[in-house]
Visitor: 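Please see the structure below; I have some questions.
Lettering of chains follows the sequences in order, A, B, ..., and the numbering in each one begins at 1. Every value quoted in this text rests on a predicted model; they were computed, and no experiment measured them.
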Amino acid sequence: SQQGEEDPQALSIQEGENATMNCSYKTSINNLQWYRQNSGRGLVHLILIRSNEREKHSGRLRVTLDTSKKSSSLLITASRAADTASYFCATDMKTSYDKVIFGPGTSLSVIP
Amino acid sequence: EAQVTQNPRYLITVTGKKLTVTCSQNMNHEYMSWYRQDPGLGLRQIYYSMNVEVTDKGDVPEGYKVSRKEKRNFPLILESPSPNQTSLYFCASSRTGELFFGEGSRLTVL
């Protein structure tokens, strides 16, 4: 079964708005990462947050991690049409840090 | 340029015809992994390798083999492909946890 589950499955917003995607997972983790995938292309790493961190920023991205709720959120501020892509969270479990497990992803459409 | 290179990028084959998808990375990464991506299922890990001669099963290893004889290469072998192995395959490598992905290999098994 999937370790991570993103929510919503699909999101459509206007350019300039903020986009928020959530990820829930089931077991304790070492790290949680977010990746982006343009249609049919390879995934690109966006940000990694460690289990002892609560919030991390990178440019227009803000990631939060709540280990008590086993959840994370990815916020993209001031979205652009070029942000249209699928976004995945990935976790590596404390019991097996070498197995990185991806959720099914959130498909984001940013309308110009 | 740091990259993960997969070949072939596209392949149509028939049931039972052995095939190999190659993966090579030029970043001297110890960790390499294979994933398959199917609609609605996200990426599922097939096999991974922590270093040369060290490989382990992921979540969906059935029907696949791998080898890690050199640090830079991690080929995925389908000994007898079946239609349910039609998928988009990704190879990835890592040193510090951040995964670097290849561009993918779209495989169709008829």
Visitor: Please give me the minimum heavy-atom distance between B:Gly40 and A:Pro104, naming the atom from each residue.
Guide: O-CB, 4.0 Å

Visitor: Examine whether an atom of B:Gln6 lies under 4.5 Å from a heavy atom of chain A, and if so say whether it belongs to the side chain, the backbone or both; otherwise answer neither.
Guide: neither

Visitor: Drop me the distance from B:Ser94's OG to A:Gln33's CD, to the nearest 0.5 angstrom.
Guide: 7.0 Å

Visitor: If you group Ile, Leu, Val, Met, Phe, Trp and Tyr by side-chain heavy-atom gaps below 4.5 Å, do B:Met50 and A:Val100 land in one group?
Guide: yes

Visitor: If you count heavy atoms of other groups shown closer than 6.0 angstrom to CD1 of A:Ile111, is the number above 12?
Guide: yes

Visitor: Could you state whether B:Tyr48 and B:Leu43 fall into the same hydrophobic cluster, counting links through intermediate Ile, Leu, Val, Met, Phe, Trp or Tyr residues with side-chain heavy atoms under 4.5 angstrom apart?
Guide: yes

Visitor: Under 4.5 Å between side-chain heavy atoms, counting indirect links through other Ile/Leu/Val/Met/Phe/Trp/Tyr residues: same cluster for A:Val110 and A:Val44 or not?
Guide: no

Visitor: So with a 6.0 Å cut-off around CZ of A:Arg80, is the heavy-atom count from everything else above 12?
Guide: no

Visitor: So, for B:Glu98 and A:Leu48, which heavy atoms are closest and what is the spacing to 0.1 Å?
Guide: N-CD1, 4.4 Å

Visitor: Looking only at heavy atoms, which two atoms of B:Phe90 and A:Arg41 are closest? And how far apart?
Guide: CZ-O, 3.3 Å

Visitor: Determine whether B:Ile77 and B:Tyr47 fall in the same hydrophobic cluster, where Ile, Leu, Val, Met, Phe, Trp and Tyr are linked whenever their side-chain heavy atoms lie under 4.5 Å apart.
Guide: no

Visitor: Quick one: what part of A:Gln9 sits under 4.5 Å from any heavy atom of chain B, side chain, backbone, both or neither?
Guide: neither

Visitor: Under a 4.5 Å cut-off applied to non-hydrogen side-chain atoms, are B:Leu99 and A:Leu43 in contact?
Guide: no

Visitor: Please determine which of A:Phe102, A:Tyr35, A:Phe88 meets the ring pair (Phe, Tyr, Trp, His ring centres under 6.0 Å) test together with B:Tyr35.
Guide: A:Phe102

Visitor: So does A:Arg60 have more than 12 non-hydrogen atoms from other groups sitting under 6.0 Å from CZ?
Guide: yes

Visitor: Tell me, out of A:Ala90, A:Gly42, A:Ser86, A:Gly105, who's got the most heavy-atom pairs with chain B below 4.5 Å.
Guide: A:Gly42

